[in-house]
Amino acid sequence: MKWFGITLLTIGLGLLSIYLPWYIILTAFSLFCLIIISHVRFQWMVYIIIFLALQIGSKGPFIGFSTARSQTIEALPVYFIFTSIAILAFWVRKFAKIDIADSRKNPLYTPILLLVCYSILSIFWSPASVTENIDHVIFLILNISLFFYIFRIVDSEILHRRLMWCLIFSGIFLSLQAIFSPFLFLGSYPIKIYGDTYLEIGTSNIVASRALGFYMNTLLTSIVLGCLIMVAYGLLLNERNRARIILLGCAMSIFLFTIFLTQSRVGLWGLIIMVFLLLCLSYRLRKNFIRSALIICLCTFIIFMTSQIVTYKFFTKSGKETRVASVDLDVKESGTLGSRLYYWEKGFEALEKSSLTLVGLGAGGYKHFYPNIPTPHNLYLSLFFDFGIMAVIFVFCIMFTFVRRFREITKHQNTYLQKMSLVFGILLIGISIMSLTYMAYNFIFLWLIIGLAYSTFSLAQQELKEKKISQNHIGTS
């Protein structure tokens, strides 16, 4: 019966190819397979989304159509397809009552809902075009949907462990991209479909002189890998299998080596802050603070020297410009603090010019004024420029809920979920500091980490409640 169905499907596709172009059939068939997988093997989609989210900067990789007579039609991000199908399958299963209802409450539900509503309302007063506003609002809603999706799906310790390993392998793939990126030329690759119509599957970056992911810049690549080092160490704290311990050690070394190759100071300083916090807050490391710090410094020095040798051999001698050689560039084009100050000054100028200081420029308003500047290189100002006073309220609510949970997290470090909660708490602190000089609210990785962090906090809190209930039950019996 199974082979009869496969044969019938093959014959049907063959007959359709007589009347329809091959790319429409291939696209429809791929979407059909994804929809089936999302319902039959629901958790597979979670792994796919987690793996892809680390490879993506904000929107790339993208799929676009172009013709010989016109420019490329607006690109469609690949992750948009996967995330939309996964979220649709989640709601179908929820309404069909296939899965057991999750009793956990999301502490960020109200502030995030207010932010979404405000971003939609901002379309009415934003100086940007409606198309620009809607584009940013759609991607904001999609990223927020990813956050809620991750929070609801990660409902057990077993799935949490598997997703952490999925993150590690995705990070290894990202590191390999970054290591080999200086030797590759990436761009859009048109595939002829029919007549003058081409399908373009391309990247958002043309790789230059420093290591970076295919769909990221050097800053985001280093930030992502720095966060993954912390995740790997969290797994290491709970691991007893020798082979897995060696694998995690190798992964951490590759991540750190790649961070040095990116020559990004934001990611490196963020990692230093997170490691210092881990040394101070982790009971296991604090007992042997001096020894742990010396081992970390020694390993870091060895990896740093190796990266410098590789940089000198493959960059300097080949005539490629390194970061050291580029510090004399104009302040507006270099990666220094001066360039950030320039971006921030332009944002405040746009607010003053449009008289929208309190309400903000609307979703995508900053990019409308300065299309050549992708982001203000500051998460908080990125929110403030677009959403005004609502951004201040939103950030305050997130910090308030986080501080309440983090105080409780540091008191309990016994189980897997408790240790990972500490790691994700430090991760959020590190990201909040790194966001002072980089990051934007529409970055996929940001919402993924927030979703994983709050799902970990929630599971750890649920574990503590169950433990207290069992202890009370034993005490009364």
Side-chain angles (χ1 to χ4, degrees), residues 46-62 77-79 82-83 143 146 150 162-187 201-236 247-268 270-271 274 303 306-307 310-311 314 374 423-424 427 430-431 434 438-440 442-453:
V46 187
Y47 299 127
I48 293 172
I49 289 171
I50 292 284
F51 189 89
L52 284 178
L54 264 65
Q55 316 304 321
I56 298 167
S58 55
K59 296 183 181 180
F62 59 83
V78 171
Y79 109 103
F82 286 94
T83 309
N143 287 327
L146 175 64
I150 294 296
R162 290 174 179 173
L163 291 179
M164 293 304 103
W165 278 102
C166 184
L167 280 175
I168 298 301
F169 285 113
S170 181
I172 293 172
F173 182 63
L174 175 61
S175 296
L176 293 176
Q177 290 178 32
I179 290 169
F180 292 105
S181 63
F183 312 102
L184 301 173
F185 176 82
L186 298 179
I201 303 176
T203 72
S204 53
N205 291 316
I206 296 178
V207 175
S209 59
R210 289 189 278 162
L212 72 168
F214 290 170
Y215 306 105
M216 297 187 186
N217 55 30
T218 54
L219 295 172
L220 192 55
T221 302
S222 64
I223 289 172
V224 169
L225 293 177
C227 293
L228 290 182
I229 288 176
M230 300 301 295
V231 172
Y233 186 78
L235 290 172
L236 202 61
L247 178 59
L248 287 170
C250 292
M252 292 168 71
S253 301
I254 293 170
F255 298 158
L256 184 58
F257 175 75
T258 310
I259 290 172
F260 285 129
L261 287 184
T262 62
Q263 304 173 47
S264 169
R265 288 168 292 193
V266 174
L268 186 59
L271 178 61
M274 290 188 290
I303 296 171
T306 306
S307 68
V310 171
T311 302
F314 293 102
V423 168
F424 274 105
L427 262 180
I431 288 176
M434 288 185 282
Y438 192 62
M439 203 71 74
N442 255 350
F443 281 171
I444 300 160
F445 178 74
L446 175 67
W447 292 101
L448 173 70
I449 289 296
I450 295 174
L452 287 172

Compare every heavy atom of [Y] with every heavy atom of [X], then report the nearest pair and how far apart it is.
X: G171; Y: L54; value: N-CD2, 4.0 Å
X: S307; Y: F260; value: OG-CB, 3.2 Å
X: G451; Y: I150; value: C-CG2, 3.7 Å
X: F424; Y: V231; value: CZ-CG2, 4.4 Å
X: M434; Y: G267; value: SD-CA, 4.2 Å
X: Q55; Y: S170; value: NE2-OG, 2.6 Å

Results of ring pair (Phe, Tyr, Trp, His ring centres under 6.0 Å) for F51 - residues two or more places apart only: F173
I want to check something: taking the side chain as every heavy atom from C-beta on, are [X] and [Y] in contact at a cut-off of under 4.5 Å?
X: L446; Y: I450; result: yes
X: I431; Y: M439; result: yes
X: M164; Y: L452; result: yes
X: L225; Y: L271; result: no
X: L236; Y: M252; result: yes
X: Y438; Y: F443; result: yes

With rounding to the nearest 0.5 Å, note down the distance linking [atom1] in [X] to [atom2] in [Y].
X: L235; Y: L228; atom1: CG; atom2: CG; answer: 10.5 Å
X: S222; Y: L261; atom1: OG; atom2: CG; answer: 11.5 Å
X: T218; Y: I223; atom1: OG1; atom2: CD1; answer: 9.5 Å
X: I229; Y: I168; atom1: CD1; atom2: CD1; answer: 9.5 Å
X: I259; Y: I254; atom1: CD1; atom2: CD1; answer: 12.5 Å
X: I49; Y: L448; atom1: CD1; atom2: CG; answer: 9.5 Å

With sequence neighbours left out, what residues match T221 under side chain to side chain donor-acceptor pair (under 3.5 Å)? none
Any residue meeting side chain to side chain donor-acceptor pair (under 3.5 Å) with T83, in chain and number order, not counting sequence neighbours: none
Audit row: L247, W165, side-chain contact (heavy atoms from CB on, under 4.5 Å) steps and yes/no: CA-CA 11 Å; L247 178 59; W165 278 102; 3.7 Å; yes
